[in-house]
Amino acid sequence: MSQKLTLALSKGRIFEETLPLLKAAGIEVTEDPETSRKLILPTNDPLVNVIIVRASDVPTYVQYGAADFGVAGKDVLLEHGGEGLYQPIDLEIAKCRMSVAVSAGFDYASAIRQGARLRVATKYLLTAREHFAAKGMHVDLIKLYGSMELAPLVGLADAIVDLVSTGGTLRANNLVEVEHIMDISSRLVVNQAALKLKRERLQPILDAFEKASIK
Ligand code: ATP
Ligand code: MG
């Protein structure tokens, strides 16, 4: 029986790092999202399409079944909540960490000791709220959608919660990492209904992904 499958990916590092896994499953994307304007990309398998969406929208497309499966960072999944999603595999790609960072001149430790109420800018409201609540810290969270590194430099916030990999962006902006909140990697997410209805098509791909992501 022929069943169409739609995979949701975001451009950039997740797309790039998912390609080898797809290849292991015999799937090759035949257009490059960086140069193509198409949002639905064909593959060598006429029954498999890749849709290109914002990283933070991947769980939503999969939750509602507009995509059967997708790849999303743990950062994005924690904010989404994971409702309607089956999360079988940590693909161990797009690895980074979620951290608290402040301006190099800001004494974070003593601000905490004094019980100061800090302003923290982040895209990750839920994760940040949970982190500071667990530490018993009172913070005012400011929601941003990008370029968090700017916030402490212009006095919008005392601290940021953001993703760090090499630390290059922090250094370039005279910021220092003061707390490591958690390690982040990307997971495969599967629509729960699709997993039941399209199991025959999906399972071999999930198996190939799992095998290719261990090494
Ligand atoms: P959008 O473009 O929708 O605003 P975004 O800018 O957060 O989202 P990307 O920067 O492409 O999207 O990141 C997508 C995912 O890649 C993140 O959700 C995270 O899991 C991972 N990621 C982000 N930054 C890094 C990094 N510095 N190193 C490794 N992985 C990262
Ligand atoms: Mg981006």
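Predicted model, so just to flag it, every value in this text is computed and none were measured. Counting starts at 1 for both ligands and their atoms, following the listed order.
When I14, V71, V164, D75 are ranked by how near their heavy atoms come to atom 20 (O) of ligand 1, first place goes to D75. The closest heavy-atom contact to atom 30 (N) of ligand 1, among the options G168, A94, S185, comes from A94.
The proximity of D57 to ligand 1, defined as any non-hydrogen pair under 4.0 Å, does not occur for either the backbone or the side chain. Residue contacts with ligand 1, taken as heavy atom pairs separated by less than 4.0 Å, involve K123 solely via side-chain atoms from C-beta onward.
Applying the 6.0 Å contact sphere to CD of E83 captures no more than 12 heavy atoms from other residues, nucleotides or ligands.
In this structure, the side chain of N173 does not engage the main chain of L175 through any donor-acceptor pair within 3.5 Å.
Side-chain contact check for S185 and D90: at least one donor-acceptor pair (N or O, by modelled atom type) lies under 3.5 Å. E177 and S99 share a side-chain donor-acceptor pair at under 3.5 Å.
Of the N or O atoms in R54, one or more lie within a sub-3.5 Å distance of an N or O in ligand 1. Looking at Y124 next to ligand 1, no N or O pair under 3.5 Å apart turns up.
Under a 4.0 Å criterion applied to the non-hydrogen atoms of C96, ligand 1 contributes the atoms 22 (N), 25 (C), 26 (C), 28 (N), 29 (C), 30 (N), 31 (C). Per-residue contacts place V76 under 4.0 angstrom from the following atoms of ligand 1 (heavy atoms of the residue considered): 18 (O). For ligand 1, the atoms lying closer than 4.0 Å to a non-hydrogen atom of K95 are 28 (N), 29 (C), 30 (N). Ligand 1 places these atoms under 4.0 Å from at least one heavy atom of G73: 20 (O).
Here K123 does not pair with D162 in a salt bridge; the nearest charged N to carboxylate O distance is not below 4.0 Å. Salt-bridge annotation for E179 and K135: present, with a side-chain N of the basic residue lying under 4.0 Å from a carboxylate O of the acidic one. Between D140 and R117, at least one side-chain N (NZ, or NE/NH1/NH2) sits under 4.0 Å from a carboxylate O, which counts as a salt bridge.
Cation-pi geometry between K211 and F209 is not satisfied (NZ or CZ under 6.0 Å from the ring centre, within 45° of the ring normal).
The closest approach between any non-hydrogen atom of A55 and ligand 1 is below 4.0 Å.
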